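Heads up: the structure comes next, in structure tokens.
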Amino acid sequence: MRRSLTPIGRQRAAAAVRPAAPVARSQAPQLTNPPLDYAYDGSFEGLLSVLFAVYDRKAAPNSIQPLGAVQAGLFAQPVQIDTDEATAARVWEGLLRYMDPEARTRLFHTFLSEAPDRELLVFRYADQAMRAGRDISDNYADDTVRRIAHLAQQMYREKHRMEAFVRFEKTTDGLYHATIDPDFDVLPLIAPHFTKRYADQRWLIFDRRRRYGLYYDLHRTDVVQFDTETPQPRRAGVSATVLDEREPLYKVLWQSYFDHVNIPERKNLKLHRRHIPLRYWRYLSEKQPREQRFEPIKNKRPVSGKS
């Protein structure tokens with residue numbers, strides 16, 4: 001199933017920000033009614049709709065749970081909040097009254113981190129900012145602010161590494177395919193990078209763990225869903241039967257290039273693993289088993305001794 005990014009999704013993916021600084025606004029309404037358990041569809045637009053419902057009902061959340069993971073209490077059922085994209089866009093824009101664009105982006109990164117308490121973290125941060133009437137991103141004495149800043153840093157590192165380490169394989173129909181398994185849901189964050197860098201070719205980046213991907217058709221990048229429950233192997237690449245016949249040669253050429261530019265005397269495996277952690281090696285052609293034995297270049301002139 002293929003669907004385009006929503007307006008809010010395109011804005012977040014492109015890191016669109018307003019140049020104007022936020023101004024102080026009136027505080028959020030008091031949540032005077034008994035707390036409730038909320039349920040939503042698991043999307044970021046759904047979570048923004050829940051934030052609107054919290055203040056509309058004036059009832060703080062005991063919990064905010066995706067529908068697929070709802071745990072009902074003994075005496076109360078969660079209140080299901082339907083996703084409303086217009087309401088979500090209103091909340092997304094309204095957050096700029098109380099925080100700068102960078103702080104607002106960190107809320108989206110927190111959601112993508114898939115932390116168990118991510119929904120309550122987003123609510124608490126937004127609520128504290130609205131009660132303060134200003135941005136609170138520099139208040140590192142607060143546990144919520146520290147948690148969100150830490151998760152945002154983790155997301156940035158994962159995004160940067162995915163942009164650096166993703167390797168494509170060309171299929172017989174000219175599609176460049178890459179399978180990834182990131183720790184966090186970073187596909188929405190890396191979409192602008194690959195759309196701009198590989199604008200002249202069709203490509204698909206598939207998140208094996210979350211069973212969805214990004215597909216670029218030379219005109220736009222869409223989200224594609226894969227409705228399959230079949231377990232995927234850890235190294236879920238493209239079948240050799242659908243690869244371009246020249247793809248194995250490209251792999252051998254890249255491995256040969258890597259071997260010849262390598263300087264054994266300057267080998268520092270500890271530093272190497274720090275910059276390229278082991279869990280990313282499965283994406284890299286140069287880290288795969290060699291199909292041809294490495295042979296040193298034989299036309300190098302020996303260094304003559306000084307007289």
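No hydrogens, no waters, no symmetry mates; every other heavy atom, side chains included, goes into these values. The structure displayed is predicted, hence computed values, not measured ones.
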* Asked: For the residue pair Lys159 and Leu189, what are the closest heavy atoms and their distance?
  -> CE-O, 3.4 Å
* Hey, is the main chain of Phe206 close enough, under 3.5 Å, to the side chain of Arg211 for a donor-acceptor pair? -> no
* Asked: To the nearest 0.5 Å, how far apart are OG1 in Thr105 and CE in Met99?
  -> 10.5 Å
* Asked: Has the side chain of Asp207 got a donor or acceptor atom that lies under 3.5 Å from a matching backbone atom of Leu187?
  -> no
* To do: Please check if the side chain of Arg210 supplies one atom and the backbone of Pro182 the other of a donor-acceptor pair under 3.5 Å.
  => yes
* Shortest non-hydrogen contact from Pro34 toward Ala59 -> O-CB, 3.3 Å
* To do: Verify, without hydrogens or angle tests, whether Glu158 (side chain) and Asp183 (backbone) share a donor-acceptor contact under 3.5 angstrom.
  => yes
* To do: Grab the two heavy atoms, one from Leu218 and one from Ala199, that are nearest each other, plus how far apart they are.
  => CD2-O, 4.0 Å
* Any salt bridge between Lys58 and Asp56, counting N to O under 4.0 Å? -> no
* **Criterion side chain to side chain contact (heavy atoms under 4.5 Å, CB included) on Tyr98 and Asp135, from CA distance to verdict** => CA-CA 5 Å; Tyr98 307 97; Asp135 184 41; over 6 Å; no
* Where the side chain of Asp100 meets the backbone of Ala103, is there a donor-acceptor pair that is under 3.5 Å apart? -> yes
* When you check the side-chain N and O atoms of Tyr212 and Asp185, is any donor under 3.5 Å from an acceptor? -> yes
* If you measure from OG on Ser43 to CZ on Phe111, what distance do you get to the nearest 0.5 Å? -> 6.5 Å
* To do: Flag the pair Asp82 / Ser49 as yes when at least one side-chain heavy-atom distance between them is below 4.5 Å, and no otherwise.
  => no
* Enter the distance from His177:NE2 to Arg167:CZ here, rounded to the nearest 0.5 Å. => 16.0 Å
* Look at Glu114 together with Arg118 and state whether they make a salt bridge at an N to O cut-off of under 4.0 Å. => no
* Using the side chain to side chain donor-acceptor pair (under 3.5 Å) rule, pick out the option among Gln80, Gln65, Glu119, Glu45 that qualifies with Tyr40. => Glu119
* Asked: How far apart are the closest heavy atoms of Gly46 and Asp41, and which atoms are they?
  -> CA-OD1, 3.7 Å
* Heavy-atom closest pair, residues Phe184 and Ser113 -> CD2-O, 3.3 Å
* Asked: Does a side-chain heavy-atom distance below 4.5 Å link Arg279 with Arg161?
  -> yes
* Is there a side-chain contact between Phe194 and Val166, using heavy atoms and a 4.5 Å cut-off? -> yes
* **Results of side chain to side chain contact (heavy atoms under 4.5 Å, CB included) for Arg273 - residues two or more places apart only** => Leu269, Leu278, Trp281
* Drop me the distance from Thr179's OG1 to Ile205's CD1, to the nearest 0.5 angstrom. => 10.0 Å
* side chain to side chain contact (heavy atoms under 4.5 Å, CB included) assessment of Arg57 paired with Tyr38 -> CA-CA 11 Å; Arg57 294 170 178 261; Tyr38 295 91; 4.1 Å; yes
* Asp117 vs Arg147, salt bridge (charged side-chain N to carboxylate O under 4.0 Å, His left out): CA-CA, chis, key distance, verdict -> CA-CA 11 Å; Asp117 58 343; Arg147 283 284 313 282; 3.1 Å; yes
* Any side-chain heavy atom of Ile136 sitting closer than 4.5 Å to one from Val145? -> yes
* Structure fact -> d(Leu204 CG, Phe168 CZ) to nearest 0.5 Å is 8.5 Å
* Could you tell me whether the side chain of Leu112 reaches within less than 4.5 Å of the side chain of Pro188, counting heavy atoms only? => yes
* Structure fact -> Note: Ile81 and Ala53 closest approach over all heavy atoms is CD1-CB, 3.7 Å
* Before accepting this row, confirm whether a basic side-chain N of the pair Arg208/Asp181 lies closer than 4.0 Å to the acidic partner's carboxylate O. => yes
* Is the closest basic N to carboxylate O distance between Arg90 and Asp84 below 4.0 Å? -> no
* Within-4.5 Å side-chain heavy-atom neighbours: Leu48 and Thr87 -> no
* To do: Side-chain contact test, heavy atoms from C-beta onward, threshold under 4.5 Å: evaluate it for Arg106 versus Ser137 and give yes or no.
  => yes
* Please lay out, stage by stage, how Tyr55 and Met130 fare under the test side chain to side chain contact (heavy atoms under 4.5 Å, CB included). => CA-CA 11 Å; Tyr55 296 102; Met130 287 188 286; 3.1 Å; yes
* Derivation of the ring-ring contact (aromatic ring centres under 6.0 Å, His included) call for Tyr198 and Tyr216 -> CA-CA 9 Å; Tyr198 301 104; Tyr216 176 71; 9.5 Å; no
* Show your working on side chain to side chain contact (heavy atoms under 4.5 Å, CB included) between Asp37 and Val79 and close with a plain yes or no. => CA-CA 6 Å; Asp37 295 307; Val79 177; over 6 Å; no
* Gap separating the CD atom of Gln153 from the CZ atom of Arg157, nearest 0.5 angstrom -> 6.0 Å
* **Trp92/Phe44 aromatic ring centres below 6.0 Å** => yes
* To do: Verify the cluster assignment for Tyr140 and Val122: are they in a single hydrophobic cluster under the rule of side-chain heavy atoms below 4.5 Å apart?
  => yes
* Asked: What pairs with Arg146 under side-chain hydrogen bond (donor to acceptor under 3.5 Å, both in side chains), at least two apart in sequence or on another chain?
  -> Asp143
* To do: May I ask you to test the Phe165-Ile180 pair for a side-chain heavy-atom distance under 4.5 Å?
  => no
* Run the side-chain hydrogen bond (donor to acceptor under 3.5 Å, both in side chains) check on Thr195 and Thr221 step by step: do they pass? -> CA-CA 7 Å; Thr195 301; Thr221 302; 2.6 Å; yes
